[in-house]
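FYI, side chains are in, hydrogens and waters are out, and symmetry mates aren't considered; it's all heavy atoms of this structure. In what follows, residues are counted from 1 in the order of the sequence shown.
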Amino acid sequence: MTANKATWLSRLQPVIKLLITALAAYYLIMVAIENFSEIKTIHIDSPLKIITAFILSLMLYALVIAALVLAWVAQFDYKQPKVLTVIYLKSQALKYLPGNFFHFAYRHKATVDLGQSHKQVMKATVMESAGLIFAALLMAHLSLFQSSNNLLWLNKLDIPIVLLLVFDALVLISVIRWMKWRFFYAQLVWFIAYFIGMGIIIIIMIIAWGFSPQAFLSMTTCYALAWLAGYLLPGAPGGIGVREAVFIAVSKPTLEESEALILIAGIRLISLSYEAIAYFFAARISHLLFRQSENTK
């Protein structure tokens, strides 16, 4: 009975992935078609401003990925930081391969080959995922504390702020007790920094494109929810399609669909560009991050 259930689940997984990917792609295509005329009418005041924003965002994205690298290296007490950084940066590019798990597999095998135990690497992966998910959830509801919030789905929530504060405190205490104090200080801060950095990138792009000003917390919330959906749902490799569709959906009505589409497409272009660069120049980036550390084997 158990074997049959496992067989059916293994057969259903590709179907579920294909279905989610197809639905996300269909939604994005429909949004693009419906807003094609509006996208054509968007006036770019200065191409130089767009290029400058892209370069600035690319540099900032490099910093937020460095935050994730530091959180990962902290799992191993900062031993062999340069080699671990190279492995992590190269694994980021592999998440776009079909299956959406090759980056975990590569990172696991390469780290074990350094001398780390399977148990330690598995624990590090689980803790990284749990920490990122918690940080995303934490950032995702920060907009509830913003008095001028105009996100449609948030305005429909009727949750007393005091209850949210109590909930935050209880969850935070639970996380600290489960993952120990070292995790909270050395990693959770880096995960939160990642989402804050992505929120800043969105604001930079909004200014560059000349879109109407948006609240930082609202945009960070939208990205955190979109990232969470792309990370958790068994969809396209690297969350492509799923993340974009969710961002457009949750940013209503504060952003026009055409604007949201441009912003999330820009973020995807920035991430793809940097991850390609990081794959080929991982050793150099590793040296810049840990210039004073010895690359022991």
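Using modelled atom types and a 3.5 Å distance limit, the side chains of Q214 and S212 yield a donor-acceptor pair. When only modelled atom types and interatomic distance are considered, S129 and Y231 share a side-chain donor-acceptor pair under 3.5 Å.
Smallest separation of non-hydrogen atoms from G266 and M205: CA-CE, 3.5 Å. The heavy-atom pair separating H108 from V121 by the smallest distance is ND1-CG1, 3.4 Å.
Taking 4.5 Å as the limit, every side-chain heavy atom of Q92 sits out of range of all side-chain heavy atoms of Y279. No side-chain heavy atom of M198 sits less than 4.5 Å from a side-chain heavy atom of T220. M139 is not listed as a side-chain neighbour of F191, based on a closest heavy-atom distance of 4.5 Å or more. Looking only at side-chain heavy atoms (C-beta outward), L63 and M59 stay at 4.5 Å or farther from each other. T111 is not listed as a side-chain neighbour of Y88, based on a closest heavy-atom distance of 4.5 Å or more. Proximity of F247 to L255: side-chain heavy atoms (C-beta onward) are separated by under 4.5 Å at one or more points.
Two different hydrophobic clusters hold L288 and W190 under the rule that ILVMFWY side chains link at heavy-atom gaps under 4.5 Å. Cluster membership for L70 and V73, using ILVMFWY side-chain heavy atoms within less than 4.5 angstrom, is shared.
Within the structure, the side-chain hydrogen bond (donor to acceptor under 3.5 Å, both in side chains) test picks out no pair touching residues 50-60 (sequence neighbours left out).
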Next on the checklist: For L68 and V64: C-alpha separation, side-chain torsions, deciding distance, then whether side-chain contact (heavy atoms from CB on, under 4.5 Å) applies.
Outcome noted: CA-CA 7 Å; L68 297 184; V64 301; over 6 Å; no
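Partners of K109 under the salt bridge (charged side-chain N to carboxylate O under 4.0 Å, His left out) rule, at least two apart in sequence or in another chain, are D113.
Using cut-offs of 30° and 60° for the angle between ring planes, the F195 and W227 rings count as perpendicular. The aromatic rings of F211 and W209 sit parallel, their planes meeting at an angle under 30°, below the 60° perpendicular limit.
Using a 4.0 Å cut-off between charged nitrogen and carboxylate oxygen, R107 and E128 count as a salt-bridge pair.
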